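Notes follow the structure.
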Amino acid sequence: MKNFVCAALGAVASVSLIANAAAAEVKVGLLLPKSGNYAALGKEIEDGFVMALEDAGMSGDFVLVSEDSEAKPPVGVAKARKLVLQDEVDAMVGIVSSAVLGAVRDFVDGAMVPLVVANAGNDDATGASCSKYIFRVSFSNGQVNRPMGSWMAEQGIKTVYTMAPDYAAGHQMIDAFVESFTKAGGEIVGSEYTPFGKTQDFGPYLTKAKAASPDAIFVFYAGGEAISFVKQYDSFGIKQDIPLYGSGFLTSPLYVAAEGPAAVGVKTSLHYVPTLDTPENKAFVAAFSGKFGRAPSEYAVQGYDAARVLVEAVKAGASDRESIAEALSSVSYTGPRGPLTIDPATHNVVQNIYVYETVADGDALTQKIIGEIGEVRDPANGCNLQ
Amino acid sequence: MVASADFWLTQFLNGLQLSMLLFLLSIGLTIIFGLMHFVNLAHGALYMVGAYAGVSVAASLGNYWAALLAAPLAVMLVGIVLYALVIRRMRRSGPMNQVLVTFGLIFVIVDLVRIVWGDIALGMEQPAILSGPAEMFGVVYPAYRLFIIGVGFVVMVALSLVLSRTQIGAMVRAGVENDAMASCLGINVERLFFVVFCVGCALAGLAGAIAAPAFSATPSMATDILIPTLIVVVIGGLGSLRGAIAGSLIVGFIQTFGAVVLPGLASVLVYVLLATILIFRPVGLLPARS
């Protein structure tokens, strides 16, 4: 009888253990801007993130706690502390602004909470100041632009004039391009950094660029600045003489419609293009458009993949901070943007970079892929996690 | 540095175009301030509303000129609502309260715009006749920018005629010079203020609607434009049309040629000038009140 009771109790206990294990949810803190200039990007990333969990049928396995970073470093740090100390999340996802990433880096590293970066591109985050707990599924500033330098040189472009906003990302994007372009034999005939967030009128700068008469202009601009820049480039009549190249944020599907016909013919490089012809991407685009009524942008894919790497980690058996961090460093799969691997040495994503041209499709604009550079891996830049 | 005549003529036009946009914004702000000592920091937000109203009207009617007409009216309507709900009550509550309340209004208006139009920057089509480059004296320059310069000049001339030649102009000048005395002479200064406030709002809306096709409509434009506009008002001198003209031209040309000649210092130069003016001539270059 005693044995029977013990056995019964044991059986009950083990059943409840199994039940517990199945119900063990992974708590994820989303740290994204919901106000300010980056709010649109935060929304796009969150939409992609939520959709990936639904796609995997694992919405029930994750509990989400969402906080507004306001894209401000002090706010980002306070909210990261709240997520880690009060909500006790198992992992954090998000960070649009590189400044916020720089500010939370030491806290995340010290708290030993895995952070999946879904946008911020600062090279140092997976370079000199990389962390065992920080993973990036979006891109690094250098990664997107470095392939474009050699690609443009191959197209026979000899001289380039560069322009970008005057802040860290602007400099990193242009530096990476210039490095590979000059290495391939190209020459930079002039460059300009415009005051960041204060420049609406690019007229004076465009006039200078035109006067330098280069073979091509290469720029990095995003958001409102990108729209103003592309439209003004066209209206000054430079489009007829000097072709415009850039990093793909210049003509992101998120806002290219606002640029209108001015964007036709602009050639840029990016880690994701919605017209990518693979079964994975077609399924993703169909699902996203069906759910939100618009085509996904690179930001939506970054959110999607941020969730996807967590799903892969949990499927591999990870459940707490340490095991998630462990599992994330060896995640690899083929997703909407093609093959995607987390580089164990730097924790930056290894991915294809696509060169695409914005072309007219009736009244709308679409993207035509004209080049592909496979599996672009960032150099370690002083980071050694292995 | 390329020093061809074409290059400098184009940059001159760039400077002129920026000046005209600043003029449309600062004239409303400076006259409102000069007449009633009322600082309306939400003026930049009205400029943004004008841009978004223009985008919506142009998109739904497919006609740029309708948008150019509707945007100032829509912003004037917003101005009337603001006047009735907030500004009339704040008239006697001192500059600090007025600054705080109108500063708060910026956030309210920006968030309302974000709710209605979203966070993503919106574009607006230029009218077909003005799209693309125009050629003038052998210089290729965007036709639309020439149009902005033209609109600025027309408004400038119209306002100076109204202020110097008409009865209402004389009343405004009297109110700016000495509002207590103007009231004693039988001028209803409060109603005058209301009219001027409406015109100022409409001009901010006009500026927004003509800026939207050249740049884009974003929620951040409310605050981006505010500081240069305030600098124009301070440099030019409060309350005067001539001050607003002079201030706009100075700020517009310093920003443009600063960006060309001293790119590293472009964003600092205007502030250096502002500080210099505040030290040596705190009333501004051409104040209404001597």
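Bear in mind that the values here come from a model prediction, so they are computed numbers and not experimental data. Note that these values count all heavy atoms, side chains included, but never hydrogens, waters or copies made by symmetry. Each chain gets a letter, A, B and so on, in the order the sequences are listed, and its residues count up from 1.
Among A:K43, A:K231, A:E259, A:K210, the residue making the largest number of heavy-atom pairs under 4.5 Å with chain B is A:K231. Listed options B:T218, B:I227, B:T10, B:L21 were ranked by heavy-atom pairs under 4.5 angstrom with chain A; first place goes to B:T10. Per-residue counts of heavy-atom pairs under 4.5 Å with chain A were compared for B:P219, B:P213, B:P228, B:A211; the largest is that of B:P213.
There is a side-chain donor-acceptor pair under 3.5 Å between B:Y141 and B:N14. Side chain to side chain, A:E298 and A:S252 meet the donor-acceptor criterion of an N or O pair below 3.5 Å. Defined by atom type and a distance below 3.5 Å, a donor-acceptor pair is present between the side-chain atoms of A:S66 and A:K34.
To the nearest 0.5 angstrom, A:Y38 atom OH is 13.0 Å from A:K72 atom NZ.
For A:Q240, the part sitting under 4.5 Å from any heavy atom of chain B is the side chain, from C-beta outward, and nothing else. When heavy atoms are compared at a cutoff of 4.5 Å, A:K239 does not approach chain B at all. In this structure, chain A has heavy atoms under 4.5 Å from both the backbone and the side chain of B:F215. Heavy-atom distances place both the backbone and the side chain of B:I120 under 4.5 Å from chain A. If you measure heavy-atom distances from B:T256 to chain A, the contacts under 4.5 Å come from both the backbone and the side chain. Looking at B:A214, only its backbone comes within 4.5 Å of chain A, counting heavy atoms on both sides. In this structure, chain B has a heavy atom under 4.5 Å from the side chain of A:E192, while its backbone stays farther away. If you measure heavy-atom distances from B:A59 to chain A, you find no contacts under 4.5 Å at all. Heavy-atom distances place the side chain of B:Q17, and not its backbone, under 4.5 Å from chain A.
Residue A:K158 qualifies as open at atom NZ: its count of foreign heavy atoms under 6.0 Å is 12 or below.
Side-chain atoms of A:S289 come within 3.5 Å of backbone N or O of A:V285 as a donor-acceptor pair. In this structure, A:S228 contributes its side chain and A:G224 its backbone to a donor-acceptor pair below 3.5 Å.
Here the rule is ring-ring contact (aromatic ring centres under 6.0 Å, His included) with A:F249, and of A:Y221, A:Y272, A:F139 only A:F139 fits it.
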